[in-house]
Amino acid sequence: MGALKEPHGGELKNLYLGAEAAAEEKQLSREMPSWDLTARQICDIELILNGGFSPLEGFLGQADYESVVGGMRLADGLLWPIPVTLDVTQEFADAIGEGDTIALRDREGVLIATMAVSDKYTPDKRAEAAGVLGTTDDLHPEVDRLLNHSGPVYLGGSLRGVQPPIHFDFTHNRHSPQELRDLFAKWSWRKVVAFQTRNPLHRAHQELTFRAAREAEANLLIHPVVGQTKPGDIDYFTRVRCYEKLLSHYPEQTSALSLLPLAMRMAGPREAVWHGIIRKNFGCTHFIIGRDHAGPGKDSKGEDFYGAYDAQTLFREYEKEIDISLVPFQMMVYVQDRAQYAPVDEVEPGETQLTISGTELRRRLKFGLEIPDWFSFPEVIDVLRERHPPLSQQGFTLFFTGLSGSGKSTIANAVMTKMMEMGGRRVTLLDGDLVRKNLSSELGFSKEHRNLNIERIGFVASEITKNGGIAICAPIAPYKGSRRKVREMIEGLGGFIEIHVSTPLEVCEARDRKGLYAKARAGVIKEFTGISDPYEDPENPEMRIDTTEITIDQAAQQVLLKLENLGYLS
Ligand code: PPS
């Protein structure tokens, strides 16, 4: 007995060539234009090639794309809610014609597949965001990616797989759809309920999955996403270590863990339908959808992007067509009076229900506070504590931003010196001028170059922060978008404290220490921030300092007090 469920569209795709044909394709690829796949595209291509995205045989062409965006279906009518597209730069697209074959490589240049380009098209990304995500608010991480970071042209066409993307981690827990199907068959699992997650799991999840498996009379597959999830999520290495600990509390013969290299879109209801289709391709018969499935959080008005149970409602509409059974769940809460977990709608009036939200958990980890046994297993908490030591032992980035002459470099220097005096921490200064000299010497001051400069600073600061150090950055960083990107790069790895040195332009210009403002006014220096190029004020910095009326020493003291107050200095 093989498949438990027919794959979506009837046939499980496997787009890998045999060894001989793959070797030949590798030879041929030397003559082909080559595209380096982004991290997101690597995730997508892995699931196209191994059949996780059956019936797709490549990245979507224009007709499929438009049909998916507008009506959740491929051009032939088959249900498919999320566009899977290959976005490229204008420059690359200009050099490619429909009918060409291109080589798709990973970041190390390893050939993953070739693609016969059947379509080259310029998408209307706002329409895509509105159609697929129901919003164009770029606080939604996928809207942000789509509108601000993805390439302007999409290439579509069928793929010939040469080799799967390489993974060195958790290889024993990674399976293709066929491998998982074969395992289910080997274990005689006839019904399998899948649980999707991008978070660490605690007792509430264990109880929920137990109940789901009991209700469906099915075996249980914990199927967490280890591709791309919401920016700021706990890294998957930590999560998988937590899952492994948790799994030891599950009956051995009835449950399994497999890692899914999916790039999530945080598309809420549409994403839930997609997740169901993918799980069916992996051989599952049932799929759990709880509260706020694949939800991206709050929009710029402070409201949830999607209703808490919208995903269940949409899934219900397509459940028959997807042909995987929905196992809906309300939020699980701990009922103190019964010393038991229960769905929130089953709590009796007068009973005391307890929960610890994700935010509260992070707070307790941050300050080394108690996390009760009813909430999680001690060994799971140990893994999280190892990853999230109390703030005073964590790395962090101090990100000063402000106009030239605002005082940011001088304060940054003073703060660094004071920290060196205190001792015990490793501090690196990434001052604007210093970076321009050592990291970005070829860059100018166009928007594109400034963004690149800030991204480089962000990258270095994120590495320092990840490894427990302190990075003090002091670039102008005039644009909101790139500051946000840096925050996202760092926040999941340690602290990020943005300090707007808000000394007004008149004061900076009057100081004109380097004589640059005079030159900018005279038009000798072009694109000068504050004069002929914009500075977008930070909306929610952790701190603002105006150096008009205070000394540098006083400003540095304020920064240290803030750090102490936030818990970063012990
Ligand atoms: S950015 O926008 O963040 O990439 O700028 P940054 O790398 O911090 O700038 C470093 C210094 O470059 C000098 N400089 C200019 N600044 C702004 N606009 C233009 N066109 C420009 N040309 C040169 C300026 O002295 C910056 O240093 P600070 O320390 O801010 O005065």
Side-chain angles (χ1 to χ4, degrees), residues 148-149 397-417 427-462 464-465 471-490 496-539 541-548 550-553 555-556 559:
N148 305 325
H149 306 291
T397 292
L398 266 184
F399 193 90
F400 291 91
T401 163
L403 295 170
S404 174
S406 59
K408 53 188 187 319
S409 306
T410 332
I411 306 173
N413 243 308
V415 170
M416 182 178 78
T417 314
V427 192
T428 306
L429 183 63
L430 297 166
D431 180 39
D433 282 333
L434 210 76
V435 168
R436 288 266 170 192
K437 186 160 163 246
N438 295 297
L439 261 187
S440 295
S441 56
E442 86 286 18
L443 298 184
F445 287 86
S446 63
K447 181 165 190 181
E448 192 195 351
H449 277 193
R450 287 177 195 261
N451 283 342
L452 199 55
N453 182 41
I454 299 309
E455 275 173 38
R456 288 180 187 173
I457 295 177
F459 171 72
V460 177
S462 73
I464 293 169
T465 305
I472 304 184
C473 315
I476 299 176
Y479 303 118
K480 223 167 52 180
S482 61
R483 290 195 303 258
R484 171 174 160 181
K485 208 164 167 189
V486 172
R487 183 183 282 275
E488 282 173 359
M489 278 161 95
I490 295 174
F496 185 81
I497 302 112
E498 185 178 353
I499 302 177
H500 177 200
V501 185
S502 58
T503 316
L505 177 66
E506 311 80 75
V507 178
C508 300
E509 191 169 0
R511 288 179 183 160
D512 204 8
R513 296 233 167 82
K514 301 179 184 167
L516 297 176
Y517 282 97
K519 285 192 185 146
R521 288 284 182 203
V524 179
I525 303 180
K526 307 264 181 275
E527 299 176 312
F528 194 81
T529 308
I531 306 295
S532 40
D533 210 62
Y535 179 83
E536 300 170 0
D537 273 351
E539 279 157 10
E542 275 69 14
M543 192 178 181
R544 280 186 216 277
I545 303 178
D546 178 343
T547 62
T548 312
I550 59 172
T551 65
I552 293 302
D553 204 33
V559 174

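Every number for a ligand or one of its atoms is a count from 1 in the order of the listing. The analysis underlying the following values was restricted to heavy atoms, covering all of them including side chains, and did not include hydrogens, waters or symmetry mates. Everything numeric here is computed off the predicted structure, so don't read it as measured data.
In this structure Leu434 satisfies the side chain to side chain contact (heavy atoms under 4.5 Å, CB included) test together with Asp431, Asn438, sequence neighbours excluded.
Every protein residue with a heavy atom nearer than 4.0 Å to ligand 1 is included here: Ser404, Gly405, Lys408, Ser409, Gly432, Asp433, Arg436, Phe445, Arg450, Asn453, Ile454, Pro475, Ile476, Ala477, Pro478, Lys514, Leu516, Ile525, Lys526, Glu527, Phe528, Thr529.
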Can you give me every donor-acceptor pair (side chain of residues 497-506, partner residue at least two apart or in another chain, under 3.5 Å) with its distance?
residue: Glu498; atom: OE1; partner: Arg487; partner atom: NH2; Å: 3.0
residue: Glu498; atom: OE2; partner: Arg483; partner atom: NE; Å: 3.4
residue: His500; atom: ND1; partner: Arg544; partner atom: NH1; Å: 2.9
residue: Ser502; atom: OG; partner: Ile545; partner atom: O; Å: 3.4
residue: Thr503; atom: OG1; partner: Ser406; partner atom: O; Å: 2.9
residue: Thr503; atom: OG1; partner: Thr547; partner atom: N; Å: 3.1
residue: Thr503; atom: OG1; partner: Thr547; partner atom: OG1; Å: 2.9

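Counting only residues at least two apart or in different chains, salt bridge (charged side-chain N to carboxylate O under 4.0 Å, His left out) contacts with residues 399-414 are absent.
In this structure a side-chain-to-backbone donor-acceptor pair under 3.5 Å is present from Tyr517 to Ser404.
The cationic atom of Lys447 (NZ for Lys, CZ for Arg) lies less than 6.0 Å from the six-membered ring centre of Tyr479 and within 45° of the ring axis.
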Asp546 and Thr548: side-chain hydrogen bond (donor to acceptor under 3.5 Å, both in side chains), yes or no, with the steps? CA-CA 6 Å; Asp546 178 343; Thr548 312; 2.4 Å; yes
